[in-house]
There are 2 protein chains.
Amino acid sequence: MEKPEPLWQAIHDTLHAEIARGHWRAGSRLPTEADLAQRFGVNRHTVRRALGALAEAGLVQARRGAGVFVRAADRLPYRIGPRTRFHQNLMDTGRTPSRRILHSAQARATEAEATALNLPVDALLHVVEGISLADAQPVSLFRSAFCATRFPELGPHLAKGASITAALRAFGVSDYTRKSTRISGHAADVLQARHLEVAPGAMLLLSEAINIDPDGRPLEYGRTYFVAARVDLVLDGPETGPVVA
Amino acid sequence: MEKPEPLWQAIHDTLHAEIARGHWRAGSRLPTEADLAQRFGVNRHTVRRALGALAEAGLVQARRGAGVFVRAADRLPYRIGPRTRFHQNLMDTGRTPSRRILHSAQARATEAEATALNLPVDALLHVVEGISLADAQPVSLFRSAFCATRFPELGPHLAKGASITAALRAFGVSDYTRKSTRISGHAADVLQARHLEVAPGAMLLLSEAINIDPDGRPLEYGRTYFVAARVDLVLDGPETGPVVA
DNA sequence: GTAGATTTGTCCGTATGTATA
DNA sequence: ATATACATACGGACAAATCTA
């Protein structure tokens, strides 16, 4: 007695295999839902169920009015270690890194931020939110919180496109290291989906990190949502290479 | 001009908030789809769309014929570091760890396994597959590969429920450390979903790791799929292991 | 720039299957 | 065995975004 596989799942598997096999090239458009429905002899909604699963896995992306497009399959390795630097990280893999600042302002610390930075609740923070891109494609959505009394004018530096490393150096912080990291999986909400150019519900990897200065004082509390379909997080062993430049 | 939010999304947000707020307790049953449809004044399929999103995010779990149930919200922190030990990891958080061995046999190394273990392709490996549980709830699906010539009789040890640490000690390996880890996000396929008791398409965190002995020789190559809704991966700073400056 | 055709997104209604209580 | 409740699949209708002539 075989357990019958649902139609939408069989269609999903077929398309999945065809994409993995290179039958549909990255960036190309799939046949329309109507065409696929005819090909598999099913209703359009059944095809949509299969395409939805592919979209959540990040293999395809639908654009209303345009069609369903195959996404690039290769994920870029993103190193996480004692010295995590965004720009350096991407340059190492031959990508062109860039940032888009969405928001930069002062705000009161939430409970999580206060405990992470070892500050009293309602302490004044400088919060920066933005998007990180590799080759003009969004890979992560970040929110960084700094103590505002220690870094009173961080905003202008970051808004001008300077890296965090450079901005901190302007305040005499020559080096900083990663104290702790927590990685979890989440589904993209509507806002995140729009910023990261993924489907709502797509998989995101949340990295919550605390960076400290050489004296061990907390500098930054950052929450970064990575598009799971576009990056791998790589944690190397203790042979960490000192960088700084 | 406000952009109208889809109905299913509004319902999703409402239920999401009610669950987060504790209005529906963990383990309890939600109203039936028909009841919810009546409550929100929509068709049953619109409610299903909202419930589907909640299920993929891991907040609820549907059981055909029974109902939709609220899942426990707390994720257990799983430490990943130079010395990652499953049993110790869970005992630290007050859980009861256990293992279920699905498969244990010798096999030829795949290309990925060969390069990871620094062995020739087609080398003989001992491969163990199984499920790790915390308090009888599946949290991860693992596949570990060991060099068969070095550990000829590993299978019986592991099948008896011994930990990997104990099994390796029987072969004179007193210690081992994590050399590298790669974390990525994936959607559960049908087989993984059944083993881990999640819905197909649910979020999984894949951890690919290489463990080495004190001499630096690769011992084990492991691939572990964690249920993203049930665990956070915690990477602590260098205050735990040897800090090679 | 505009009008119309194309294509995906949402929502409804109905019917049937399957697992559970 | 019967009723309940979720799962799958079909069909139709319209809206919204995109593309094209």
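Here is the naming used below: chain letters follow the sequence lines, and residue numbers restart at 1 for every chain.
- Looking only at atom types and distance, the side chain of A:Ser104 has a donor-acceptor partner in the side chain of A:His126 under 3.5 Å away.
- The phosphate of D:dC19 has OP1 or OP2 within less than 4.0 Å of a side-chain N or O from A:Arg63.
- Among C:dT7, D:dT8, C:dT8, the nucleotide with an atom closest to any side-chain atom of A:Glu33 is C:dT8.
- When rounded to the nearest whole Å, the span between CZ of B:Phe69 and P of D:dT4 equals 17 Å.
- Between B:Asn43 and C:dC11, a side-chain N or O to OP1/OP2 separation shorter than 4.0 Å is absent.
- Rounded to whole Å, the distance from CZ on B:Arg49 to P on C:dG9 is 10 Å.
- Between the side chain of B:His45 and the base of D:dA9, a donor-acceptor pair under 3.5 Å is found.
- Under a cut-off of 6.0 angstrom, the local environment of CZ in B:Arg29 is crowded, with over 12 non-hydrogen atoms contributed by other residues, nucleotides or ligands.
- If you measure from atom CG of A:Asp35 to atom C1' of C:dT8, you get 13 Å, rounded to the nearest angstrom.
- Between the CZ atom of B:Phe40 and the P atom of C:dC12 there is a distance of 13 Å, given to the nearest Å.
- A donor-acceptor pair is defined here as one N or O able to donate and one able to accept, closer than 3.5 Å; no such pair exists between the side chain of A:Arg143 and the backbone of A:Val127.
- The separation between A:Arg29 atom CZ and D:dT18 atom P is 14 Å, rounded to whole Å.
- When distances are taken from the side chain of A:Arg44 to each of C:dT7, C:dC11, D:dA13, the shortest belongs to D:dA13.
- Distance from the side chain of B:Ala66 is smallest to C:dA21 among D:dC6, D:dT8, C:dA21.
- Atom CD of A:Glu5 and atom C1' of C:dG17 are 16 Å apart (whole Å).
- Across D:dT8, C:dC12, D:dG12, the shortest atom-to-atom separation from the side chain of B:Leu7 is found for C:dC12.
- To the nearest angstrom, C1' of D:dC6 lies 13 Å from CD of B:Gln61.
- Under the 4.0 Å criterion applied to side-chain N and carboxylate O atoms, B:Glu197 and B:Arg100 are not assigned as salt-bridge partners.
- For the pair B:Gln9 CD and D:dA16 P, the computed distance is 15 Å after rounding to whole Å.
- For A:Ala62, taking side-chain heavy atoms from C-beta onward, the closest of the listed nucleotides C:dT8, D:dA9, D:dC6 is C:dT8.
- Contact between the side-chain N/O atoms of A:Arg48 and the OP1/OP2 oxygens of C:dT8 is not found at any separation under 4.0 Å.
- Side-chain proximity of B:Arg64 to the nucleotides C:dT7, C:dT18, D:dC10 is greatest for C:dT18.
- Atom CD of B:Gln38 is surrounded by 12 or fewer heavy atoms from other residues, nucleotides or ligands within 6.0 Å.
- OP1 or OP2 of D:dC10 sits under 4.0 Å from a side-chain N or O of A:Thr46.
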